[in-house]
Amino acid sequence: MGFDKNELKTPVSLEKFSKDLPGRFAAGEFEDARADRVGHELEGFNQALKNQWTFGKKAGVTIAAIAASFLLFVGSGFVSPTMAKMISKIPPLSAMFDNNPQQDLTEQLTQALKKEGYPVKLVNQYVGGKNEGIMVHLDTSEKQVKVMEPGVKKIGLSIVQAEEFKGTRIEDYFIKVRQYHEPSKKWKQEQAEIEKESEEVFEIVQAALKPYNFNNNIMFGIDRVELEIPSTEKQEKVDEIKKAVEDALAAKEKEYIEVKMRKYNVAKREQYSRWSNAVSGISHEFMTFKKYKVSGVGHKSEDGLMTIFITMTIKSTDEGAVEHATDLYTMAEEFIKSDKIWPEVKEDPYRIVVRTKDKKEFIDGQKRFK
């Protein structure tokens, strides 16, 4: 799958990293296990967001930011309003949030609660799992949280069940209320040390790569630097770049940091990038509204063929299953062939696979499942 599950790597360019990530995840380059650490790291996420790795700006991103952003894209975990706004500015992922009723939901609730005098400290959304909803953290005693909980839930439910969310998954959101716990001094110190170390390593690696006009992703772990290299690059140059970075780190007494070179398939990554708007658009439509009865949308590139997977929440034996699969197939087909999307995918060969809950595949031409 690509790397040690215990690692969390920091991208040099969050914009490029975010743009490439959905396709890389679909290609199976990452392990789901890396997301397990988010629960521990999330408290510091909002503070960390203001710092980003870029070649033009000396800054740092803590592990919390990367873990949370990874969960956002794979569709399992927290989405903070700050993260949603930031990602909405990054093409082509903006399609995921355009006219998306989830975009300002946490902000709406935060403002409504503050207006009523509730000591709101943090509001997060859980998305992508079987149970989706909102967690409200109040900066007060546990006793007061219990007293305030009914009022907070009432306001929260009045928002998610409002007319604008009728027919969407949002109207079924849970509202939970918890006491806010300030991260420990030890945790904050650990984060500060990680960020300081990361900045130092970043400066060293950046200087070493400057002569090579390196434009690819650079990712950092606790004791590793990983450089992405196009599969078309000559091995001689790959070895030269790797040695230059290793020598630079050793000169600064950081020889304990391992330098890894990972080649990627250029054509496949470019194809994933071309299809990101198409898949995001289909996913946004089908996953937002309950009427479509869709539990998941994914895509995979193999030998130049792009496959779009649409998984329904109903079984092949359910009444109307064939008709419903036909409708989903037709809608996806029309969207891909639209004036906006078709030029973007450059008329790549593709197929649409609509699957049922019991893992039967819809055959469009024969209007049946196999």
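Source: prediction; values computed, not measured. Keep in mind that the numbers below use all heavy atoms, side chains included, and drop hydrogens, waters and symmetry copies.
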N/O donor-acceptor pair under 3.5 Å between Ser158 side chain and Ile155 backbone = yes

Mind checking the CD1-CH2 spacing from Ile336 to Trp342? Nearest 0.5 Å is all I need.
-> 8.0 Å

Do any N or O atoms from the side chain of Gln179 and from the backbone of Thr140 form a donor-acceptor pair under 3.5 angstrom?
-> yes

Please assess Lys237 against Lys242 for the test side chain to side chain contact (heavy atoms under 4.5 Å, CB included), listing each intermediate value before the final yes or no.
-> CA-CA 9 Å; Lys237 185 174 182 180; Lys242 182 174 186 290; over 6 Å; no

Would you call the rings of His137 and Tyr180 parallel, tilted or perpendicular, where under 30° means parallel and over 60° means perpendicular?
-> perpendicular

Pairwise distance NZ(Lys293) to CD1(Ile314) - rounded to 0.5 angstrom = 5.5 Å

Mind running salt bridge (charged side-chain N to carboxylate O under 4.0 Å, His left out) on Glu285 and Lys291 for me, showing each step along the way?
-> CA-CA 10 Å; Glu285 179 70 18; Lys291 64 182 179 181; 5.3 Å; no

Can you name the nearest heavy-atom pair linking Ala321 to Ser316, along with the distance?
-> CB-O, 3.7 Å

Would you say the side-chain atoms of Tyr212 and Glu240 include a donor-acceptor pair closer than 3.5 Å?
-> yes

Glu228 and Asn216: which non-hydrogen atoms are nearest, and at how many Å?
-> O-CB, 3.0 Å

Any Lys/Arg nitrogen of Lys252 or Glu200 sitting under 4.0 Å from an Asp/Glu carboxylate oxygen of the other?
-> no

Lys176/Glu149 under salt bridge (charged side-chain N to carboxylate O under 4.0 Å, His left out): CA gap, chis, key distance, verdict | CA-CA 8 Å; Lys176 293 183 180 180; Glu149 185 174 5; over 6 Å; no

Check: Tyr118 and Met148 side chains under 4.5 Å, non-hydrogen atoms | yes

Parallel under 30°, tilted from 30 to 60°, perpendicular over 60°: which one fits the rings of Trp275 and Tyr350?
-> tilted

Between Val160 and Ile170, which heavy-atom pair has the shortest distance, and what is it?
-> CB-O, 3.4 Å

Glu142 atom CD, neighbour heavy-atom count above 12 within 6.0 Å = no

Inspect the surroundings of NZ in Lys360 and state if more than 12 heavy atoms from other residues, nucleotides or ligands are less than 6.0 Å away.
-> no

Any side-chain heavy atom of Met312 sitting closer than 4.5 Å to one from Arg355?
-> no

Hey, is the main chain of Ile194 close enough, under 3.5 Å, to the side chain of Ser198 for a donor-acceptor pair?
-> yes

Within the distance-only criterion (no hydrogens, no angle test), does the side chain of Ser276 pair as donor or acceptor with the backbone N or O of Ser273 below 3.5 angstrom?
-> yes

NZ of Lys290: more than 12 outside heavy atoms within 6.0 angstrom?
-> yes

N/O donor-acceptor pair under 3.5 Å between Asp247 side chain and Ala244 backbone | no

Kindly indicate whether the side chain of Asn124, heavy atoms from C-beta on, has any atom under 4.5 Å from the side chain of Leu122.
-> yes

Do side-chain atoms of Ser231 reach the backbone of Tyr264 as a donor and acceptor pair under 3.5 angstrom?
-> yes

Heavy atoms, side chains only, cut-off 4.5 Å: are Val136 and Leu113 in contact?
-> yes

Flag yes if more than 12 heavy atoms outside Lys263 fall under 6.0 Å of its NZ atom; otherwise flag no.
-> yes

From Leu328 CG over to Tyr292 OH, what is the distance, rounded to the nearest 0.5 angstrom?
-> 8.5 Å

Are the side chains of Lys340 and Phe335 in touch, meaning some heavy atoms are under 4.5 Å apart?
-> no

Yes or no on side chain to side chain contact (heavy atoms under 4.5 Å, CB included) for Glu197 and Ile257, after CA distance, side-chain angles and deciding distance?
-> CA-CA 11 Å; Glu197 173 71 6; Ile257 296 178; 4.2 Å; yes

Verify the neighbour count for atom CD of Glu193: are there more than 12 heavy atoms of other residues, nucleotides or ligands below 6.0 Å?
-> yes

How long is the gap from NZ on Lys315 to CD on Glu319, to the nearest 0.5 Å?
-> 15.5 Å

Would Val205 and Met261 show up in the same hydrophobic cluster when neighbours are defined by side-chain heavy atoms closer than 4.5 Å?
-> yes

Check the angle between the aromatic planes of Tyr272 and His299 and answer parallel, tilted or perpendicular using the 30° and 60° thresholds.
-> perpendicular

Donor on one side chain, acceptor on other, Gln125 and Thr106, under 3.5 Å | no

Do Val145 and Ser141 have side chains that get closer than 4.5 Å, going by heavy atoms?
-> no

Looking only at heavy atoms, the pair that brings Val238 and Glu233 closest together is CG2-CG, 3.9 Å

Heavy-atom closest pair, residues Tyr173 and Leu157 = O-CD2, 4.1 Å

Run the salt-bridge test on Arg262 and Glu226 with the 4.0 Å N-O cut-off and return the result as yes or no.
-> yes

Neighbour count above 12 (heavy atom, 6.0 Å) for Glu236 CD | no

Honestly curious: do Val147 and Leu138 fall in one hydrophobic cluster under the side-chain, below-4.5 Å linking rule?
-> no

Hey, mind stepping through Leu249 and Glu246 against side chain to side chain contact (heavy atoms under 4.5 Å, CB included) and telling me if it holds?
-> CA-CA 5 Å; Leu249 288 168; Glu246 289 175 336; 5.8 Å; no

So do the side chains of Ile218 and Phe202 get within less than 4.5 Å of each other, counting heavy atoms only?
-> no

Would you kindly confirm whether Val294 and Met331 end up in one hydrophobic cluster when ILVMFWY residues are joined by side chain heavy atoms under 4.5 Å apart?
-> yes

Roughly how far, to the nearest 0.5 Å, is OG1 of Thr326 from CD1 of Ile363?
-> 11.5 Å

Path from Leu305 to Val354 over hydrophobic side-chain contacts below 4.5 Å | no

With rounding to the nearest 0.5 Å, note down the distance linking NZ in Lys254 to CD1 in Ile204.
-> 5.5 Å

Do the non-hydrogen side-chain atoms of Ile341 and Glu344 ever get within less than 4.5 Å of each other?
-> yes

Say whether Val322 and Tyr329 are linked into one hydrophobic cluster, either directly or through other cluster members, by side-chain heavy-atom distances under 4.5 angstrom.
-> yes

Of the non-hydrogen atoms in Thr311 and Thr356, which two are nearest, and what is the gap between them?
-> CG2-O, 4.4 Å

Step by step, would you call Leu227 with Lys260 a side chain to side chain contact (heavy atoms under 4.5 Å, CB included)?
-> CA-CA 6 Å; Leu227 309 180; Lys260 298 277 290 186; over 6 Å; no

